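This report concerns only the one structure given below.
Residue numbering restarts at 1 for every chain, and letters A, B, ... go by the order of the sequence lines. If you're wondering where the values come from, they're calculated on a predicted model, not measured in any experiment.
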Protein chains: 2
Amino acid sequence: MVKLEQMAKKELKMTAVPDPSTEEKIMAAARTVFLEKGFAATRTRDIAEAAGINHALLNYYFRSKEKLFQIIMLNTVKQFFSSLSVVFNNPETSLEKKVEEVANYYINLLTAHPDIPLFIMTEMKKGAKDLMNQVGAKEIVMKSVFIKQYQQAVKEGKIQKLPPVHFLMNVLGLTVFPFIASPMIKGLVDLSDTEFTSLMQERKKLIPIWVKMILKAT
Amino acid sequence: MVKLEQMAKKELKMTAVPDPSTEEKIMAAARTVFLEKGFAATRTRDIAEAAGINHALLNYYFRSKEKLFQIIMLNTVKQFFSSLSVVFNNPETSLEKKVEEVANYYINLLTAHPDIPLFIMTEMKKGAKDLMNQVGAKEIVMKSVFIKQYQQAVKEGKIQKLPPVHFLMNVLGLTVFPFIASPMIKGLVDLSDTEFTSLMQERKKLIPIWVKMILKAT
DNA sequence: TGAAGAATTAACCAAATGGTTAAAATATTT
DNA sequence: AAATATTTTAACCATTTGGTTAATTCTTCA
């Protein structure tokens with residue numbers, strides 16, 4: 001029996017072609033399956049099969065489906081917020097530039113991993129607070145350079161006086177929502193996957209323009 | 001044994017206080033539980049308990065969890081699109097007025113039933129096309145008076161030349177997304193339920209203004 | 001090399017779950 | 001009121017599912 005905490009050791013003495021360890025294979029498979037089907041619809045045997053391992057190994061390495069899930073979930077939420085943090089806390093870039101970079105970042109990320117947002121939103125219904133604390137999301141966003149710039153611009157009368165939450169909802173709504181709704185959208189307008197992707201590429205340019213307008217309007 | 005098709009009969013000879021039939025009790029309970037937990041996480045026994053009936057009755061009336069789910073799903077998607085259809089196909093109202101009415105309609109609906117969008121989006125991942133056809137969503141939206149007005153306005157140079165899908169994504173993104181992301185948003189900004197609701201009320205006025213700007217901008 | 005520890009496997013287990021059935025209770029019809 | 005049909009119930013069933021275990025194979029290193 002090997003505890004989770006002891007696992008990191010082995011990783012250090014890698015030479016070349018690291019060849020994924022069993023633990024890594026499980027994590028990768030779990031990520032794929034959980035993201036695609038969600039926690040409840042996922043069978044631990046699906047994960048084992050996807051990882052190409054005996055299904056008892058899952059409990060050997062991670063003790064339970066629940067524990068494994070929490071690790072995957074935490075990783076995914078971290079990923080979702082980490083680069084946002086970088087963009088939001090860059091003191092060099094303007095508010096407008098930040099919007100551009102956020103749109104770019106998310107559209108790239110979600111084009112590669114379209115399941116992320118629905119997964120996060122679904123699973124946040126049961127315990128958002130804990131997760132947000134674990135990744136420090138509140139601090140990343142609400143104490144960011146971005147928020148200060150926003151409030152400064154409001155003070156200077158450059159943009160409309162409104163709580164920044166609206167702004168957050170708008171940017172995420174315009175960038176992230178299409179991925180969440182993509183099955184519906186594709187059915188509604190008859191779009192192929194590639195057509196949808198190029199629509200989203202188009203939005204990289206459009207969203208910053210739109211948001212600029214929104215900021216000023218009342 | 002009674003078939004689903006024969007059920008409607010009884011409903012006709014109602015006098016007063018109709019007192020929900022067993023079938024209705026099951027449907028109501030199923031709606032609540034499915035919307036809250038999704039298909040996979042829902043146990044038929046949960047539904048039976050919520051409906052206050054013996055759990056064998058569920059199969060007696062609806063044959064299977066799957067069948068019951070499809071009925072609920074269809075109802076919910078219909079509800080989501082039906083009033084949209086009315087708004088979108090009113091020849092009396094302007095494009096701007098339609099945006100206002102859509103925002104109003106959805107914010108009212110989702111304030112009362114916040115689980116609807118996440119439920120629909122999640123379950124659409126497995127078979128959006130079928131559902132969209134069954135409710136005629138494509139026709140409702142893409143052949144609507146609204147779309148004609150949109151294309152006319154583009155032709156007249158009143159609004160930016162862009163495929164209407166972008167517009168759809170924008171309106172839905174601004175109105176529907178906040179409900180999908182509400183657990184995250186609430187955790188991020190520390191909002192109570194009532195604070196969130198009043199934010200959404202605020203957006204009833206803001207979204208039409210914002211969308212008007214978006215339509216013109218490039 | 002061989003003993004100790006770690007990783008892997010097949011077989012197994014108990015609980016949960018969707019669904020069935022036969023009998024009992026309730027309504028309806030004649 | 002008797003006969004018939006419908007609705008409801010409790011007990012059951014088979015399968016699925018998360019998890020465990022004991023034995024086996026593979027590594028490590030003294």
Side-chain angles (χ1 to χ4, degrees), chain A residues 1-15 18-30 33-34 36-73 123 126, chain B residues 1-15 18-30 33-34 36-73 123 126:
Chain A
M1 271 283 186
V2 165
K3 297 293 173 308
L4 294 182
E5 298 75 30
Q6 303 174 336
M7 289 276 77
K9 278 186 267 174
K10 194 199 294 177
E11 322 302 320
L12 296 174
K13 51 175 168 179
M14 293 279 74
T15 53
D19 186 62
S21 70
T22 300
E23 196 196 3
E24 287 166 337
K25 281 193 279 182
I26 297 174
M27 295 246 319
V33 182
F34 277 140
E36 191 188 313
K37 310 217 244 185
F39 178 80
T42 295
R43 317 291 140 204
T44 54
R45 282 165 172 84
D46 297 342
I47 297 175
E49 192 188 5
I53 51 120
N54 183 291
H55 102 275
L57 284 176
L58 201 148
N59 296 295
Y60 177 70
Y61 280 100
F62 297 95
R63 312 204 59 81
S64 75
K65 181 189 177 186
E66 211 84 31
K67 293 255 171 50
L68 175 55
F69 178 77
Q70 279 166 16
I71 291 170
I72 302 298
M73 184 68 184
E123 306 299 344
K126 349 152 185 166
Chain B
M1 274 282 185
V2 164
K3 298 291 172 310
L4 294 181
E5 298 75 31
Q6 305 174 337
M7 287 275 76
K9 279 187 267 173
K10 194 201 291 178
E11 320 303 319
L12 296 174
K13 50 175 168 179
M14 293 277 74
T15 54
D19 186 59
S21 70
T22 300
E23 198 195 0
E24 285 166 339
K25 281 192 280 182
I26 296 175
M27 295 247 320
V33 181
F34 276 141
E36 192 188 313
K37 311 218 245 183
F39 178 79
T42 295
R43 315 292 139 202
T44 53
R45 282 165 173 83
D46 297 342
I47 297 175
E49 190 187 8
I53 51 121
N54 182 293
H55 102 274
L57 284 176
L58 201 150
N59 295 297
Y60 176 72
Y61 279 101
F62 296 94
R63 313 207 58 82
S64 77
K65 182 190 176 187
E66 211 83 32
K67 292 255 171 50
L68 175 55
F69 178 77
Q70 279 166 18
I71 292 170
I72 301 298
M73 184 65 184
E123 306 299 345
K126 353 155 185 163

Whole angstrom value for the distance that separates [atom2] of [N] from [atom1] of [X]:
X	N	atom1	atom2	result
A:Glu49	C:dT9	CD	P	14 Å
B:Glu66	C:dG19	CD	P	8 Å
A:Ile53	C:dA6	CD1	P	19 Å
B:Leu58	D:dT8	CG	P	13 Å
A:Arg43	D:dT17	CZ	C1'	7 Å
A:Arg63	D:dT21	CZ	C1'	14 Å
A:Lys65	D:dT17	NZ	P	9 Å
A:Asn59	C:dA6	CG	P	19 Å

Quiz prompt | Listed partners of B:Phe69 passing ring pair (Phe, Tyr, Trp, His ring centres under 6.0 Å), at least two apart | solution = B:Phe34, B:Phe39, B:Phe119
Exercise. Might you point out which heavy atoms bring B:Ser64 and B:Asn59 nearest each other, and give the distance in Å?
Key: CA-OD1, 3.8 Å
Quiz item: How many angstroms lie between CG in B:Leu68 and CD1 in B:Ile47, if you round to the nearest 0.5 Å?
Solution: 5.0 Å
Exercise. Would you give the length of the straight line joining atom OH of B:Tyr60 to atom CD1 of B:Ile53, rounded to the nearest 0.5 angstrom?
Key: 12.5 Å
Not counting sequence neighbours, which residues clear side chain to side chain contact (heavy atoms under 4.5 Å, CB included) with [X]? List them please.
X	result
A:Ala56	A:Asn54
A:Asp46	A:Val33, A:Lys37, A:Arg43
A:Gln70	A:Glu66
B:Ala40	A:Ala40, A:Ala41

Quiz item: the helix from C:dT1-D:dA30 to C:dT30-D:dA1: angle between its terminal axes, five pairs each, to 10°?
Solution: 0°
Quiz item: Does the side chain of B:Phe62 come within less than 4.5 Å of B:Met27's, by heavy atoms?
Solution: yes
Contacts under 3.5 Å, N or O only, protein and nucleotides 10-15 of chain D:
from, atom 1, to, atom 2, distance (Å)
D:dA10, N7, B:Asn54, ND2, 3.4

Quiz item: Is any side-chain nitrogen or oxygen of A:Thr44 closer than 4.0 Å to OP1 or OP2 of D:dG19?
Solution: no
Quiz prompt | Below 4.0 Å: OP1/OP2 of C:dT8 and any side-chain N or O of A:Tyr60 | solution = no
